[in-house]
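Working notes, structure below.
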Amino acid sequence: IARWDGSAWHALGEGVGGSVSAIAVSGSDVYVGGYFTMAGGSPANNIARWDGSAWQTLGQGVYGIRWEGVSAIAISGSDVYVGGSFIVAGELPATYIARWDGSAWHALGEGVGGWVNAIAVSGSDVYVGGSFSTAGGLTVNQIARWDGGAWQRLGSGTSGSVYAVAIQDGNIYVGGGFITAGGKPSVFFGRWSTVPRLDVNEYSGAPGSTFTFTAERFPPESTATITVNNYTFPSLTTDADGKLTFAIHTAATATEGLYGVRLSVNPQASTWFVLDADAPLRTAPGLIPLELPESVQPGHLVFLPLIKR
């Protein structure tokens, strides 16, 4: 390991006694992970911190039985998340991922079921990619999210190993050796959005139509409140992947106009449909619809004037 200052190279003390696979920086601290047992001439199991002038250990480091090491490091505040091919952090069982809080190691639940290659952190969410099919007992397929207390799926995951994860504006970008992500063609690269969505199959239909709605990216197995123009239906529940499909049936004598639909699980998402006598009659086979009373009145479209200055 070495440091380039813009014009010249500098050593970091005596360096480390093996190969380096991951580096993360926080202030003047440089966290270095890989496959080594020494840092600056002192014992350090696969992870160490350079404080600007000397090497420091992170407790007893991380280790295992054979071929153990660190391949990913991410920092959030005072927490350092470390992933790789180890099964022990400090003296705790920690299967392939662990958290260092500045003074002690912590496991992330039951960990994941295989090597970790990449970690990215957003708030309290830790996104972990690698070569594993399970996380905390859930089937996740190479990518998972630790929410601070439990592991969560990202849909159906990817078809092959994940080697890189990055986060921007609620989007999780994932790269690796896969050709599908979430069951869709996605050759070596994919995007998972954390922004909730509510989609409708058709935006207009004649009175008496039934509209189908699909909600996704909501908290899994959570109570969902559905409202149409301030009318509230009985609550429904999202599935284990945070999805929900439902239908709303309108009366044949319903008033034509715009109807706003909102699904709330904290967060929430909205969409709309229009009843128009000149539009086709829509149906939703296979779903038992929620009945919208004809007493619910439509909203109004407001057209604002164009103002030039």
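For reference, positions follow the sequence shown, starting with 1. For clarity, every value in this text was computed on a predicted model and none was experimentally measured.
The main-chain N or O of Phe36 is found under 3.5 Å from a side-chain atom of Asn46 such that the two form a donor-acceptor pair. With hydrogens and angles ignored, the 3.5 Å screen pairs a side-chain donor or acceptor of Ser85 with a backbone N or O of Gly69. Between the side chain of Trp105 and the main chain of Val88, no donor-acceptor pair closer than 3.5 Å is present. Listed for the Trp100 side chain is no donor-acceptor partner under 3.5 Å among the backbone atoms of Gly61. Using modelled atom types, no side-chain atom of Thr283 and backbone atom of Pro285 make a donor-acceptor pair closer than 3.5 Å. The backbone N or O of Pro219 sits less than 3.5 Å from a side-chain atom of Thr238, completing a donor-acceptor pair.
The side-chain heavy atoms of Pro298 and Glu256, taken from C-beta on, include no pair separated by under 4.5 Å. For the pair Lys243/Thr214, no side-chain contact is recorded, criterion being any heavy-atom separation below 4.5 Å from C-beta on. By the 4.5 Å heavy-atom criterion applied to side chains, Asp199 and Thr271 are not counted as neighbours. Under the 4.5 Å side-chain criterion, counting only non-hydrogen atoms from C-beta, Phe246 is in contact with Leu290. Proximity of Val200 to Val261: side-chain heavy atoms (C-beta onward) are nowhere separated by under 4.5 Å. Looking at heavy atoms from C-beta onward, Ile47 lies in side-chain contact with Ile73 at the 4.5 angstrom threshold. Within the 4.5 Å cutoff, the side chain of Glu68 has no heavy atoms near those of the Val62 side chain. Side-chain contact between Asn229 and Gln297: absent, with no pair of heavy atoms (C-beta onward) separated by less than 4.5 Å.
Side chain to side chain, Gln142 and Thr158 fail the donor-acceptor criterion of an N or O pair below 3.5 Å. Side chain to side chain, Thr139 and Asn141 fail the donor-acceptor criterion of an N or O pair below 3.5 Å.
Rounding to the nearest 0.5 Å places OG of Ser156 at 12.0 Å from CD1 of Ile143. Of the inter-residue distances, the one linking Ser209 atom OG with Leu292 atom CG reads 12.0 Å to the nearest 0.5 angstrom. Expressed to the nearest 0.5 Å, how far CD of Gln152 lies from CG of Asp241 amounts to 10.0 Å. In this structure, Leu263 CG and Glu216 CD are separated by 12.0 Å, a value rounded to the nearest 0.5 Å. Annotation: the span from Asp278 atom CG to Ser204 atom OG amounts to 10.0 Å, rounded to 0.5 Å. The OG1 atom of Thr225 sits 9.0 Å away from the CG atom of Leu236 when rounded to the nearest 0.5 Å.
Taken together through direct or relayed side-chain contacts under 4.5 Å among Ile, Leu, Val, Met, Phe, Trp and Tyr, Ile119 and Ile87 form part of one hydrophobic cluster. Linking ILVMFWY residues whenever their side-chain heavy atoms come closer than 4.5 Å, directly or via other members, leaves Leu154 and Tyr163 in distinct clusters. Note on Val165: it does not cluster hydrophobically with Phe188, by side-chain heavy-atom contacts below 4.5 Å among ILVMFWY residues. Under the 4.5 Å side-chain heavy-atom criterion for Ile, Leu, Val, Met, Phe, Trp and Tyr, Leu287 and Leu244 are members of distinct hydrophobic clusters. No continuous path of hydrophobic side-chain contacts links Trp55 to Val70 [ILVMFWY only; heavy atoms under 4.5 Å].
Nearest heavy-atom pair across Thr57 and Pro43 is CG2-O, 3.3 Å. Closest non-hydrogen pair, Ala24 versus Ile75, comes out as CB-CD1, 3.7 Å. A pairwise comparison of heavy atoms in Ala284 and Thr210 identifies CB-CG2, 3.5 Å as the closest pair. The two residues Val140 and Thr134 have their closest heavy-atom pair at CG2-C, 3.7 Å. Val121 and Tyr81 get closest at one heavy-atom pair: CG2-CD1, 3.9 Å. Scanning all heavy atoms of the two residues, the minimum distance from Pro293 to Glu291 falls at CD-O, 3.4 Å.
Ring planes of Tyr203 and Trp272: tilted class, angle from 30 to 60°. Note: Phe213 and Phe211 have tilted aromatic rings, judged against thresholds of 30 and 60 degrees for the angle between ring planes.
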Stepwise side-chain contact (heavy atoms from CB on, under 4.5 Å) check, Phe86 with Tyr63: CA-CA 5 Å; Phe86 55 84; Tyr63 49 96; 5.7 Å; no
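Around atom CG of Asn230, no more than 12 heavy atoms belonging to other residues, nucleotides or ligands sit under 6.0 Å away. Residue Asn266 qualifies as open at atom CG: its count of foreign heavy atoms under 6.0 Å is 12 or below. The number of heavy-atom neighbours closer than 6.0 Å to CD1 of Ile179, taken from other residues, nucleotides and ligands shown, is 12 or below. Within 6.0 Å of atom CD in Glu14, 12 or fewer heavy atoms from other residues, nucleotides or ligands are found, so the atom counts as exposed in its surroundings.
The only member of Val228, Ile248, Thr250 that meets side-chain contact (heavy atoms from CB on, under 4.5 Å) when paired with Tyr259 is Val228.
Applying the side chain to side chain contact (heavy atoms under 4.5 Å, CB included) rule to Thr180 yields the partners Ser159; only residues at least two apart in sequence or on another chain are considered.
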